[in-house]
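By convention in this document, chain letters (A, B, ...) are assigned in the order of the sequence lines, proteins followed by strands, and residues within each chain are numbered from 1.
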Amino acid sequence: MLDIGLNHYMVLSALVFALGLLCMVTKRNAIGILIGVELVLNAANINLVAFSRYQTGAGDGHIVAVFIILLAAAEAAIGIAIFMNFYNTLATIDVDRGDELRH
Amino acid sequence: MEYTTALALGVLIPLISFTLLAFTGHKLGKPRSSYVALLAIGISCALSTYVLLGWLGKTPDEREALAAQAVANQFHWADFGNLAIKVGVKLDSLTVIMYFMVTFIAFWIHFFSIGYMEGHSDEVDGVSKYHRFFTYLSLFCFSMLGLVISSSLLFLFIFWELVGLCSYLLIGFYFDRKYASDAGMKAFITNRVGDFGFIIGLAMVVLFLGTFDLDEAARAFAHQFNTGTGIFEASVNLFGWHVSGGTLATLMGIGLFCGAIGKSAQFPLHVWLPDAMAGPTPVSALIHAATMVAAGVYLVARVFRLLTPEAQFFIACIGCITLTITALIAIVQTDIKKVLAYSTLSQLGYMIFGMGVGAWVAALFHLMTHAFFKAMLFLGSGQVIEGCHHEQDIRKMGGLRKKMPVTCWTFFIGVLAIAGFGIPGMHLGLGGYFSKDEILAVAYERAFNLPALKETDAAADDAGEHAHAIGRRRITSDRSKPASNIALASGVEAAHAPADAHHGDHRTGTLEKVGIAARLPALPPIMFWLPIIIAYVTPFYMMRCWWLTFCGKPRDHHVHDHAHESWKMFLPLAVLAIGTFYCSFATFRPLIHDAAAAATNSPAIVAIDGEAHNLEEAGAGAMLMLNHAPGKNPHDWLAYGVGFAWLIGMGFAAALYRNGLAAAERLRRRFALIHTALDQKLYFDHLYDGVLVAGTRTLGVVCYWFDKIFIDGTVNGVAMLTRWIGSFSGRQLDMPVQRGDWGLVDAVANGMAATVLDIGSQIRRPQSGRIRTYVCITAGAAAVALLAVLYFDQLAAGIDWLVTRTSTLAQG
Amino acid sequence: MEHILSWLIFLPLIGAVLVLAAPAQMARSITWVFTFGVFLLSCALFGPFLDGRAWDGGYGTMQFEYAIPWIDVGGFHIRYHVGLDGLSFPLIILTTLITWLAAWASWNFEHWNVNRGPKGYFALFLLLETGVLGTFAALDFFLFYIFWEVMLLPMYFLIGVWGGPRKEYAAIKFFIYTLAGSVLMLVALLAMYYTSADAVAGPGTFGLIEYVTNPAIHEMFNSETTTFLSWKFGPAMFVMLFIAFMIKVPVFPFHTWLPDAHVEAPTPISMILAGILLKLGAYGFFRVCYPIFPEAASQLAFYVALLGVINIIYGAFCCLAQTDFKRLVAYSSISHMGYVVLGAAIMTTTGFQGAMFQVLAHGISSPMCFFLVGVIYDRAHHRDLNRFGGLWLEMPRYGSLATLGFFASLGLPGLCGFIGEIWVLLGTWSAPFTWAKPMAVISAFGVVLTAAYILWMIQRVYLGKRKEEYAGFPDADARETAILIPMALLAIFMGILPKYTFDLMNGTIDRVYEIMEPFTQVAFGG
């Protein structure tokens, strides 16, 4: 059986990151984009924990990961609040419609 | 009280009155505000009488001492660079006599105005402007008296402008009427044109003579003239025209004289004075006949010592042209005040002409006599206008003699005076007779006897007698006797009187040989003949005016029925009539003679005699000539020839108009062309309105649109560049739309703003507002960054290779 | 005592903070009290200036001088250095007086047709005063620059927020023009700093006085061999600084922001703009351009004088074409400031005296004229000259004061405008340049044009028959009269007894002339 090493985590992380990015790029639904953002953040988390486990061994990566999870939660909350207002204003959550600032 | 203090007080009291009336006039109301002004000028008049009487009792030496004291008491006003400007009272006979004349006439005109303005001040939409009239009048008295006593050219100029302001305010007194405010504006701006020259002259005086003070300037000028230094060796490049030496000095004189051209309404700036009749009649009498317009003559008299022969000649030409054309125009005027206005112009022309030919004494004498009789004539015309319900057209009058006898006969005295009434050979006549004929006599000398004059000059210098002659004439100027029939005769008498050795010696000691007389150009004969002819025209148009107004049958019964005489205004007329008689016979003339001496022989002066020589020689040249050649008097025929001009001119007018206007109408039809030209005032107003005024306004519009025109021609480059950049964004610039002040200047500023805006538009193109685009860009950028980090070495090597290859290529 | 000048400068700033803190309805009272207090404080500074001997110490002898190091980083030695001499002191007095009167003129703020509260307006107003006073007092070039910029911003907002219909356009134009000038000034400032470091072979200086009084620096600045980029140092600096200041004066061809700014600005701001801000440019000439770069100034004198003459004549002609009352007064400002430029250009005592006097005289007469326009605008709500008429009958007191104000502007002897004009004209004629006399002749023609446009304007507005449209207009009220009276009195005082105004500045002008004298080619009177 192949030993699960750092490289495996990194590949996984890269895959999750790519999926998250793809999600952000393709979705017009705001919630979809938020999910994409969560995926990207968690890809980073995987990396952090993996490096912490295999490289430094001091567990500092874990701490940062926990911070990011907290931040992601906060970000999701704020993001959803924004989308509520967005919906109230435009009666949709299609982000392509929200280009007022451009003008 | 010291004389300077008295004179200064006399100037300041009207100023106090002005201040008082300006703030409380509307509360004081109708009659009371006039009493304030009358009281003020009354005090000034009393002070001036005090000074005059005191001055008459002084010997020349005492007068010199007093004048020196006045110089010492000057007040430091400001610094012009390193030059201290002093203000003080110029104390000499000319000041004293002018001062007296102004206060005296002003007092009686104030008196007249109290009655006259009662009916003439409520016309401005029911708001009484009565107090305002007297406020301005007080300001005028202050300014005019200040002008008279100024010892410095700068202060003369300052008061000069102030009397101009008063004139503006009083001409435009009925400012709700367009023509009145137009006339005021015309007067002020025309005067400013003259002042433009005055400023240049002033600038030349201060640069070359290094002072503003009249006496110091004269001293410096004489010194420079004698030594050929200063202005006589300077050279100035004026717009490529190199002016140097004597020409420059002439230009300085002409510059100063420009002020007089404006204020004394000489050709070509004479156009404002007839229009100035839009003001109330007392104003016409005081400002536009007796005092302010004479200020130009006064100025020339004051700066006479700074005039070169050429400048004098120029002055004579201007005077000659003015006196001729304005007298001709006067013939066809139908408005009683316009006739008087043109006659004023003509008489001012005589004065200026007199100054120009060097008849300094005669010109000032004419100024004095003219002030009295013209003020009287104007007040008389005011009576007529008042009596005829504001009718000013003499064609509608006629037969008023019975209705207003006092006015009629005082007016007639004025007509006689201006016509030059007198009986040759009998020392009898009114003021105008002596003064005008004296000017003509000097003109005759200058025109026909100049070689003799020069010879005399040379001879006198050789023999050293010249100084004696001057001293003699100066001392013996006939103070006690009435002036003789013509000036020349008076000169003969004077010259034969015993010489005062002391003064003669005193002057000899400091006399410098200058010989300006040797440089005096001969007058062209035409400049003698024109004034002679006009001396016949003057009685004609004045008599015409009088006859049409007072004699014959009434032509407009409406006017005639209303005509009445106001006894309230009778006193000033009578007083001025007496003054007209008085000044013909008594003190004025000798005092002016003395002024001539004082003006040329200021006590503090060392090197003045060059100019004294000039003045005396030119003004009294004829006398000197006669002194050397007694018995050969060529002037008898002149005296008789001109002496009866009044009779001929007046007789012709009376004959022409004895049966009303019919005969004149026939004459008019025959000479329709000439009549129209004269009636249109020789088209000067048309010319100025059409060319100068319109030209200036057009230039204003052109200047205002200059930038706009400029943008179309030259600055399109900036705009096109901007548009080219702007075309990328596909959006039009929305800078605010501009009105009016377009321009190159704007275009640059706006162009810069627009460029910034356009760069912004380009930059924001990727800012699609779509979140997916942003993510793509971010990811792409991250990828590029990653690749760059990973393959940095290879990248660097590649670039290196590229550079090497390129440089190899370039070398190969 | 040594801080009295700093108090003067920053007192308005304290006022501005107070205005922001206090309730809105108190803003105008606070501003009035503070501006008046500053005016009184500035009057307390008269003492040493009444004594002519205060200037015996040579150029740079300052009163109420105070200097401390301020910013000392990266080789820059910037000081907080303020002081007053004969050039700046009269302008300080002018500033405090006119600002006070303008604050008073803002009293009817609530009647203006604006939708912004008074707090911002009055706070910016006071900030503006700090900027102006600081600029006049600063003796360190960097400090000068800072204050210059500080003054710019409030003005931008005062025009742009509280202005007329085209306020944005006018404000942006004003801002861009002035900023462009500032950029040039900044470049010059740095170049001068480094060059001064070269000259003394040590740390450079921003001291406006040291540039003149330190022989090494002054010599290097005026030397033919010193360069900036590839230009000669002196002329390059002079031109850059001159452009920076001439925009403010304003001098043709950079003048067009002025009419727009004036037309759009509210009346009190116009008063400040014409009465004080334009004077900053002129002050820049006297303080920076001429004493520091006399060599370049004498080389370029012809062009400077030419611009001055163009200003006089061109401005006057433009006046003749105006139909907007305020625009006319704005163009007349351009014309009158031309005398200042001409007076400075000829580099003689007389010219500087005349130019400085004209600065002060115009500082009195032009706010007066703008206020007079404002008074009538408040009532008629338009400024079309052709629609006015007969106002003297309707409002006699206002009419009389207006006549006085406009005659002061016309340059009537006995009022302030005359002295400056005649000094400059006579001085130009006497100046030691061959081209000076034609210039004097041309600019003397300006007196005719000035009379023409002013009298024509008076005729159109004040004379003539009463009009229905203006029937029942109230005469100038107590406040308006009270604002006009000090300016009227000063106009008369300066016209009748100019000596006392000259005495304030003559000492310093003589010193400046001593600096410039070696660089003008021919002696006076040639």
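Here the shortest heavy-atom pairing between F502(C) and A78(B) reads CD1-CB, 4.2 Å. Of all the heavy atoms in S430(C) and V206(B), the pair that sits closest is OG-CG1, 4.3 Å. Residues C703(B) and F317(C) come closest through the heavy atom pair SG-CB, 3.6 Å. Scanning all heavy atoms of the two residues, the minimum distance from P413(C) to I158(B) falls at CB-CG2, 3.4 Å. For the pair A444(C) and I200(B), the tightest heavy-atom approach, listed with the atom from each and the gap, is CB-CD1, 3.9 Å. Across every non-hydrogen atom of P396(C) and R132(B), the tightest pair is CB-NH2, 4.3 Å.
With a threshold of 4.5 angstrom between heavy atoms, D182(B) approaches chain C through its backbone and through its side chain. Proximity to chain B is limited to the backbone of Y462(C), based on heavy atoms less than 4.5 angstrom apart. Proximity to chain B (any heavy atom under 4.5 Å) is shown, for F352(C), by neither the backbone nor the side chain. Looking at W435(C), there are no atoms closer than 4.5 Å to chain B (heavy atoms on both sides), in backbone or side chain. In this structure, the portion of I458(C) lying under 4.5 Å from any heavy atom of chain B is its side chain and not its backbone. Within the 4.5 angstrom heavy-atom criterion, atoms from both the backbone and the side chain of L410(C) approach chain B. Residue I509(C): no heavy atom, backbone or side chain, is found under 4.5 Å from chain B. L426(C) touches chain B through backbone and side chain together, each having a heavy atom under 4.5 Å away. For I85(B), the part sitting under 4.5 Å from any heavy atom of chain C is the side chain, from C-beta outward, and nothing else. Residue contact with chain B, scored on non-hydrogen atoms closer than 4.5 Å, involves the backbone and the side chain of F445(C) alike. Proximity to chain C (any heavy atom under 4.5 Å) is restricted, for F212(B), to the side chain, taken from C-beta onward.
Distance CG/N82(B) to CG/N506(C): 9.5 Å, rounded to 0.5 Å. Between L393(C) atom CG and F175(B) atom CZ the span is 4.0 Å, to the nearest 0.5 Å. Rounding to the nearest 0.5 angstrom, the gap separating the CG atom in L154(B) from the CD1 atom in I419(C) is 7.5 Å. Rounding to the nearest 0.5 angstrom, the gap separating the SG atom in C319(C) from the OH atom in Y704(B) is 10.5 Å. To the nearest 0.5 Å, the span separating CH2 on W429(C) from CD1 on I199(B) amounts to 12.5 Å. The line from OG of S181(B) to NZ of K465(C) is 10.0 Å long, rounded to the nearest 0.5 Å.
Within 6.0 Å of NZ in K167(C) there are more than 12 heavy atoms belonging to other residues, nucleotides or ligands. Counting heavy atoms of neighbouring residues, nucleotides and ligands inside a 6.0 Å radius, atom CZ of F23(B) does not exceed 12 of them.
T349(C) is not listed as a side-chain neighbour of F80(B), based on a closest heavy-atom distance of 4.5 Å or more. At least one side-chain heavy atom of K437(C) sits less than 4.5 Å from a side-chain heavy atom of L238(B). Side chains of R192(B) and L455(C) form no contact here, defined as non-hydrogen atoms less than 4.5 Å apart.
Contact tally against chain B (heavy-atom pairs below 4.5 Å) for D510(C), T434(C), T450(C), I496(C): the top residue is I496(C). When each of E161(B), H76(B), M185(B), K178(B) is scored by its heavy-atom pairs under 4.5 Å with chain C, the top score falls to M185(B). Taking chain B as the reference chain and counting heavy-atom pairs below 4.5 Å, the highest number among D324(C), V447(C), L320(C) is found for V447(C). Heavy-atom pairs under 4.5 Å with chain C were tallied for T696(B), L169(B), L202(B), V193(B); the largest tally goes to T696(B). Counting heavy-atom pairs under 4.5 Å between each of Y168(B), W160(B), F159(B), F157(B) and chain C puts Y168(B) at the top. Heavy-atom pairs under 4.5 Å with chain C peak, among L162(B), V236(B), D79(B), V693(B), at D79(B).
Under the 3.5 Å distance criterion, the side-chain polar atoms of W77(B) are left unmatched by any main-chain donor or acceptor of P498(C).
Applying the side chain to side chain donor-acceptor pair (under 3.5 Å) test to S167(B) and every residue at least two apart in sequence or in another chain returns H288(B). Take E514(C) and apply the side chain to side chain donor-acceptor pair (under 3.5 Å) test, not counting sequence neighbours, and it matches R511(C).
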